[in-house]
There are 2 protein chains.
Amino acid sequence: MSVTKKVGRPKAFDRDNALAKATGVFWKQGYEGASMKLLTDAMGINSPSLYAEFGDKHGLYLEAINSYATNDACTPLVALETEPDITQAVRAFFEAVIDYSTHHASGAKGCFLVSCVATSAGHVEGTAELLRDAITSTDSRIKARFDHEIELGNLPREFPSADRAKLMFDLRQGMVFRARAGFDDSDLTGDTEKYVSSVLAKPEN
Amino acid sequence: MSVTKKVGRPKAFDRDNALAKATGVFWKQGYEGASMKLLTDAMGINSPSLYAEFGDKHGLYLEAINSYATNDACTPLVALETEPDITQAVRAFFEAVIDYSTHHASGAKGCFLVSCVATSAGHVEGTAELLRDAITSTDSRIKARFDHEIELGNLPREFPSADRAKLMFDLRQGMVFRARAGFDDSDLTGDTEKYVSSVLAKPEN
DNA sequence: CTTTTTTTGTAACGCTCATTACAAAATCCC
DNA sequence: GGGATTTTGTAATGAGCGTTACAAAAAAAG
């Protein structure tokens, strides 16, 4: 609670800022491609400080994943959950995705989880599990918003909320993949309206 | 044409097989994570042979990308293009995607382009361009199949073939992302039918 | 059988990697 | 101000990286 002054020499860096900078490096370079030199340079600290604060490179990576999953990766979800009108909400979700996958402050393109962590899921311990958690929790948060709208009568009773949640999230992976490959926001925004329609389309049959 | 005998000591390995094995290592480990030791062990050759045949690690990587893009990554497209009925064709596309993203012979999960090459697009020369080529060419091959069905009268005149092609391909990225995270074919096949419906749904208004 | 050509396996190259030992520096406590 | 405590920056560690030099081996050509 209190900002208790601690004995000893004070830290010369901000933890959250250093972690954000490290995330940017991982995002651009991948896990193995992010060397200690690149990391410490971006974070503005020396390696002993990094080790004292995060354990080692692997620990830093896991923290970066958690930090990203609860910050950047959540802004589209927050947009989806706060926008009152459901069509506007879905639109806002995709717009937020396009925004940070093409214009993130770090300069990295695409999505950190899809374009970097997914690669390490093949061989870096602990990452596949974090990825699965992120996927299932996102699926269910989207579904929850749809269910809420069904309750309100803004979506038909038979609206397949779970299926459409996965569809919506899977479409997102395609968009961030395009962003990673170098397509910019003007290339992606053209698809948004069609994707919104498909996500909210009345179930056939 | 002719299998002209060449002077000198004959090669002791098969080029295509070695390249396929290398692709599997890159797919699992990522570009930097795929060390020369892992590569040469999997390929069954020593590093001088690798350098003589592929130039260097970077050259091998680019060849692996091209090889994958014209082989594994194409089987869903071939399925889409050869299956006579359009609904069956779209279904076969997704089934082929699920098949190799969860059961590839190399043991790697997901899609090489999405789960590995996309990461290197951030920093490995020449990869972003290959990725963009793969995306645009896939978009247009899917669209071509839809256009063909419009001609035949099996899809309505106003069917938005270009939009649905991108939607279909973007949905695929979501599926292979799930596969990479560790979801298996039984988790993914449940979504297929809904995705087929969304891809082929009658355009609203 | 000798020469020429090409690929082989071994062993080395310099470099960069992640990690850490250590002493100087900066703060709080008494 | 002196001692305790924590972080700092420097510099070193051994291991592993991608790459290559080189000589032995295996084939065809003369």
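Throughout, a chain's letter reflects where its sequence line sits, starting with A, and its residues are numbered from 1.
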In terms of side-chain heavy atoms of [X], which of [options] is nearest?
X: A/Ser35; options: D/dA26, C/dC17, C/dT20; value: C/dC17
X: A/Val7; options: C/dT10, C/dT6, D/dT6; value: D/dT6
X: A/Tyr51; options: C/dA18, D/dT10, C/dG9; value: C/dA18
X: A/Lys57; options: C/dA18, D/dT7, D/dT19; value: C/dA18
X: B/Lys37; options: D/dC17, D/dT8, D/dG18; value: D/dC17
X: B/Arg9; options: D/dA24, C/dA26, D/dT20; value: D/dA24
X: A/Phe13; options: C/dT19, D/dT19, D/dT8; value: D/dT8

task = Check whether NZ of the Lys or CZ of the Arg B/Arg172 lies under 6.0 Å from the centre of the six-membered ring of B/Phe93 and within 45 degrees of that ring's axis.
result =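 Here B/Arg172 fails the 6.0 Å and 45° test against B/Phe93.
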
query = Between A/Tyr31 and A/Lys57, is there a cation-pi geometry (under 6.0 Å to ring centre, at most 45° from the normal)?
reply =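 Yes, A/Lys57 sits over the ring of A/Tyr31.
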
Can you tell me how far [atom2] of [N] sits from [atom1] of [X], to the nearest Å?
X: A/Glu32; N: C/dT16; atom1: CD; atom2: C1'; result: 15 Å
X: A/His58; N: C/dA18; atom1: NE2; atom2: C1'; result: 14 Å
X: A/Leu60; N: C/dT19; atom1: CG; atom2: P; result: 10 Å
X: A/Asn46; N: C/dA23; atom1: CG; atom2: P; result: 18 Å
X: B/Met36; N: D/dG16; atom1: CE; atom2: C1'; result: 13 Å
X: A/Gln29; N: C/dA18; atom1: CD; atom2: P; result: 11 Å
X: A/Lys11; N: D/dG9; atom1: NZ; atom2: P; result: 14 Å
X: A/Leu50; N: D/dT8; atom1: CG; atom2: C1'; result: 14 Å

message = Tell me whether the side-chain N/O atoms of A/Ser49 come closer than 4.0 Å to OP1 or OP2 in D/dT7.
response =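 False: A/Ser49 side-chain N/O out of range (4.0 Å or more) of D/dT7 OP1/OP2.
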
message = Check this one for me: any side-chain N or O of A/Ser47 less than 4.0 Å away from OP1 or OP2 of C/dT19?
response =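 For C/dT19, OP1/OP2 do not have a side-chain N/O of A/Ser47 under 4.0 Å.
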
key: Residue met sooner reading DNA chain D from 5', once B/Gly8 and B/Pro48 are mapped to nucleotides   =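 Final value for this comparison: B/Pro48.
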
message = How about CD on B/Glu193, more than 12 heavy atoms from neighbouring residues, nucleotides or ligands closer than 6.0 Å, or not?
response =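 Yes.
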
key: Carboxylate-amine/guanidinium proximity below 4.0 Å for B/Asp187 and A/Arg132   =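 Between A/Arg132 and B/Asp187 there is no salt bridge, as every charged N stays at least 4.0 Å from the carboxylate O atoms.
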
request  = Could you tell me which residues satisfy side chain to side chain donor-acceptor pair (under 3.5 Å) with A/Thr70, sequence neighbours excluded, listed by chain and number?
outcome  =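 Scan of A/Thr70 (side chain to side chain donor-acceptor pair (under 3.5 Å), adjacent residues dropped) gives none.
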
